[in-house]
J.: 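Just passing along the structure, written as structure tokens.
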Amino acid sequence: QVQLVESGGGLVEAGDSLRLSCVVSGRTFDRYTMGWFRQAPGKEREFVAGVSWSGITDYTDSVKGRFTISRDNAKNTVWLQMNSLNADDTAVYYCAADYRTWNVPSRPGEYDYWGQGTQVTVSS
């Protein structure tokens, strides 16, 4: 069974930084794409960033230049470094794994497994 565990969320002030992590267990012997999504109250879950097994990355426009996704396949860990946070970044952040494609999908339905989510709150 594939399990994803996020950590690193919290309450910060605007302009601060956070680093989220996601540890994957289970099918770590298979190649997989990792994505970060977020969902704010009353809004749909949206793609934030993703990275393929080989290192191809993609970001949503609102976080380009501020967020960086990275992974260490030997550690089965993916990170999301978030800088210059603002109130619009407040959401529950989820990591997700896709074992079916070798690129970086942006639709939630393309991902096979999900973490429990970690809350990120940015105060003004």
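Because only heavy atoms are used, hydrogens play no part in the values below, and waters and symmetry mates are left out as well, while side chains stay in.
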J.: Looking at every non-hydrogen atom in both residues, tell me the closest pair between Ser84 and Arg66 and how far apart they are.
T.: O-NH1, 3.0 Å
J.: Testing the basics here: between Thr33 and Trp102, what is the closest heavy-atom pair and its distance to 0.1 Å?
T.: OG1-C, 4.3 Å
J.: Taking all heavy atoms of Val2 and all of Val24, pick out the closest pair and write down the distance.
T.: CG1-CG1, 4.4 Å
J.: Show every disulfide bond (SG atoms under 2.5 Å apart) that has at least one partner inside residues 12-124, sequence neighbours left out.
T.: Cys22-Cys95
J.: Do any N or O atoms from the side chain of Arg100 and from the backbone of Glu110 form a donor-acceptor pair under 3.5 angstrom?
T.: yes
J.: Group every Ile, Leu, Val, Met, Phe, Trp and Tyr by side-chain heavy-atom contacts under 4.5 Å, then state whether Val104 and Tyr59 land in the same group.
T.: no
J.: Roughly how far, to the nearest 0.5 Å, is CD of Gln81 from CG of Leu18?
T.: 8.5 Å
J.: Arg31: which residues meet the side chain to side chain donor-acceptor pair (under 3.5 Å) condition with it, sequence neighbours left out?
T.: none
J.: Give the C-alpha distance, both sets of side-chain angles, the deciding distance and a yes or no for side chain to side chain contact (heavy atoms under 4.5 Å, CB included) between Trp79 and Asp72.
T.: CA-CA 9 Å; Trp79 297 272; Asp72 186 334; 3.7 Å; yes
J.: Step by step, work out the ring pair (Phe, Tyr, Trp, His ring centres under 6.0 Å) result for Tyr32 and Tyr113.
T.: CA-CA 11 Å; Tyr32 54 94; Tyr113 302 97; 9.7 Å; no
J.: Please name all residues satisfying side chain to side chain donor-acceptor pair (under 3.5 Å) with Arg38, sequence neighbours left out, ordered by chain then number.
T.: Glu46, Ser62, Asp89, Tyr93
J.: Ignoring hydrogens, what is the shortest heavy-atom contact between Pro105 and Asp98? Give both atom names and the distance.
T.: CG-OD2, 3.4 Å
J.: Consider only side-chain heavy atoms of I, L, V, M, F, W and Y, link residues closer than 4.5 Å, and tell whether Leu80 and Phe37 are in one cluster.
T.: no
J.: So, Arg71 side chain and Val51 main chain: donor-acceptor pair closer than 3.5 Å or not?
T.: yes
J.: Using every non-hydrogen atom in the two residues, find where Val78 and Trp36 come nearest and quote the distance to one decimal.
T.: CG1-NE1, 3.7 Å
J.: Asp112 side chain to Tyr99 main-chain N or O, any donor-acceptor pair under 3.5 Å?
T.: yes
J.: When you compare the side chain of Leu85 with that of Phe67, does any pair of heavy atoms fall below 4.5 Å?
T.: yes
J.: Is it the case that the side chain of Glu6 and the backbone of Gln116 share a donor-acceptor pair, with hydrogens and angles ignored and the cut-off at 3.5 Å?
T.: yes
J.: So if you build clusters from Ile, Leu, Val, Met, Phe, Trp, Tyr with side-chain heavy-atom gaps below 4.5 Å, do Met34 and Trp53 land together?
T.: yes
J.: First locate atom CG of Asn83, then atom OG1 of Thr68, and finally report the distance between them rounded to the nearest 0.5 Å.
T.: 6.5 Å
J.: Restricting to non-hydrogen atoms, name the atom on Gly115 and the atom on Tyr94 that form the minimum distance, rounded to 0.1 Å.
T.: O-CD2, 3.7 Å
J.: Are Thr90 and Gln119 packed together at the side-chain level, in the sense that at least one heavy-atom pair is separated by less than 4.5 angstrom?
T.: yes
J.: Quick one: do Phe47 and Leu20 end up in the same hydrophobic cluster if we chain Ile, Leu, Val, Met, Phe, Trp and Tyr together by side-chain heavy atoms under 4.5 Å apart?
T.: no
